[in-house]
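Data first, discussion second: the structure below is written as structure tokens.
No hydrogens, no waters, no symmetry mates; every other heavy atom, side chains included, goes into these values. Residue numbers begin at 1 in each chain, while the letters A, B, ... track the order of the sequences. What you are looking at is a predicted structure, and each value in this text was computed from that prediction instead of being measured.
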Amino acid sequence: MPASELHTPVLDWYDAHQRDLPWRRPEASPWSVLVSELMLQQTPVARVLPVHQAWLERWPTPADLAAEPTGEAVRAWGRLGYPRRALRLHGAAVAIVAEHGGEVPSEYADLIGLPGVGDYTAAAVASFAFGRRHVVLDTNVRRVLARTRQGVELASTSVTRAERETATGLLPDDPATAATWAVAVMELGALVCTASSPRCGECPVADLCAWRLAGRPAYDGPPRRTQAWAGTDRQCRGRLMAVLRESEGPVHRSALEAAWSPESQRVRCLAGLVEDGLAAHVAPDVYALP
DNA sequence: CAATCGTGGCA
DNA sequence: TTGCCAAGATT
């Protein structure tokens, strides 16, 4: 099927159904877009919205954030999860001030040099904030392409060469159209072509979707590993970080001891948090946000 | 390439 | 109730 057959239905659908998100508004700054992209990594939109608003009100520019201690970023990150992203965003702000005159760079090559910015985020910011032409391959896009083009329910674990070539081939020539196409496919994946219970009845390309035309065959690949949680270091780290976040000042070791057992794991995780820069050992038996 | 890294809502 | 899942990056 010609690539262009997807364009008009998806773009029209996006025009009619796109969500009104703060980082998509015309007045949204590139900094707002960058902050949103870091927060949205593995985190649902609904949970990001209030934190993003608070961050932009408190730190309207990269320089505002860069002037703060990293601990303030970690505290304001709240319960979004993966708090190292807060450190990376702070580090990105520092780098933007030091190396880019305080302005979020518009080039992919500069963006991907920032902490916490990988291929997806660099392409997304260049595309959404600056209207550049880039392949934006996130989990939503990958799922839409897997279904419509490959005829399979879910994309592979990692991005394949063929997958990237397919996405490149679908990218409109005009940069502005390419940028809209990128966000439109993502939105389709987020709202209609969802991982579970896709709404094929509402899909603008259902009539040419290889997966639907094949009868929506169930996933038939290697077993997908589900992440353990109870009793893991991640849960332990989360508990310790919650104690540090929710305290106004430094906390005594006893407060951390009450948050987790066994001791050996707690000690190891606390050392890991200090090593990661998420916590500071400010005095004997006293810890705080950095 | 695979493991690691939080959190909470929902089917 | 519990497994699945949400705009990935880093090592």
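Sorted by first and then second residue, the side chain to side chain donor-acceptor pair (under 3.5 Å) pairs with a member in residues 249-259 of chain A read A/His252-A/Ser254, A/Arg253-A/Glu257, A/Arg253-A/Asp285; sequence neighbours excluded. Applying the salt bridge (charged side-chain N to carboxylate O under 4.0 Å, His left out) test to residues at least two apart or on different chains, the pairs with a partner in residues 52-61 of chain A are A/Arg58-A/Glu68, A/Arg58-A/Glu72.
A/Pro30 is listed as a side-chain neighbour of A/Phe130, based on a closest heavy-atom distance under 4.5 Å. When side chains are defined from C-beta on, A/Asp119 counts as touching A/Tyr108, because their heavy atoms get closer than 4.5 Å. Annotation: side chain of A/Leu34 is in contact with side chain of A/Val117 (closest heavy-atom distance under 4.5 Å).
For the segment residues 79-95 of chain A, the set of residues with a heavy atom within less than 4.0 Å of an atom of DNA chain C comprises A/Arg88, in numerical order. Looking at residues 106-133 of chain A, you'll see A/Pro115, A/Gly116, A/Val117, A/Gly118, A/Asp119, A/Tyr120, A/Thr121 sit with a heavy atom under 4.0 Å from some atom of DNA chain C. A heavy-atom distance below 4.0 Å to DNA chain B is reached by these residues of residues 18-46 of chain A, ordered by number: A/Gln42, A/Thr43.
Among all heavy-atom pairs drawn from A/Gly116 and A/Thr121, the shortest one is O-OG1, 4.5 Å.
Judged as a side chain to side chain contact (heavy atoms under 4.5 Å, CB included), and not counting sequence neighbours, the contacts of A/Leu56 are A/Trp31, A/Ser32, A/Val35, A/His52. The side chain to side chain contact (heavy atoms under 4.5 Å, CB included) check on A/Ser261 picks up nothing, with sequence neighbours excluded. The side chain to side chain contact (heavy atoms under 4.5 Å, CB included) check on A/Gln227 picks up A/Tyr82, A/Arg234, with sequence neighbours excluded. Under the rule for a side chain to side chain contact (heavy atoms under 4.5 Å, CB included), the partners of A/Pro198 that lie at least two apart in sequence or sit in another chain are A/Arg147, A/Thr194, A/Cys200, A/Trp211, A/Arg216.
For DNA chain C, the outermost nucleotides in 5' to 3' order that have an atom under 4.0 Å from a heavy atom of chain A are C/dC4 to C/dT10. You can see that DNA chain B meets the heavy atoms of chain A within a 4.0 Å-exclusive cut from B/dC1 to B/dG8, reading 5' to 3'.
Residue A/Leu256 is found in a hydrophobic cluster whose other members, listed by chain and number, are A/Val74, A/Leu87, A/Leu240, A/Met241, A/Val243, A/Leu244, A/Val251, A/Leu270, A/Leu273, A/Val274, A/Leu278, A/Tyr287, A/Leu289; membership requires side-chain heavy atoms under 4.5 Å apart, directly or through intermediates.
Under 4.0 Å is where a charged nitrogen must lie from a carboxylate oxygen, and between A/Asp207 and A/Arg212 no such pair does. A salt bridge is absent between A/Arg149 and A/Glu163: the closest approach of a Lys/Arg side-chain nitrogen to an acidic carboxylate oxygen does not fall below 4.0 angstrom. Electrostatic pairing of A/Arg75 and A/Glu248 does not count as a salt bridge here, judged by no charged N lying under 4.0 Å from a carboxylate O. By the 4.0 Å N-to-carboxylate-O rule, A/Glu37 lies too far from A/Arg85 to be salt-bridged with it.
Comparing the same atom, C1', in C/dT11 and in B/dT7 gives a spacing of 23 Å after rounding to whole Å. Separating the P atom of C/dA9 from that of B/dG8 is a span of 23 Å, rounded to the nearest Å. Nucleotides B/dT4 and C/dA7 have their P atoms positioned 23 Å apart, rounded to a whole Å. Annotation: B/dG6 and C/dC4 have their C1' atoms spaced 15 Å apart (nearest Å). Taking the C1' atom of each, C/dG8 and B/dC1 are spaced 16 Å apart, rounded to whole Å.
Comparing A/Arg225 and A/Ser197 against DNA chain B, the residue whose closest nucleotide sits nearer the 5' end is A/Arg225. Nearest-nucleotide mapping onto DNA chain B: of A/Gln227 and A/Ser196, the residue sitting toward the 5' end is A/Gln227.
For the atom pair OG of A/Ser127 and OH of A/Tyr120, the computed distance is 9.5 Å after rounding to the nearest 0.5 Å.
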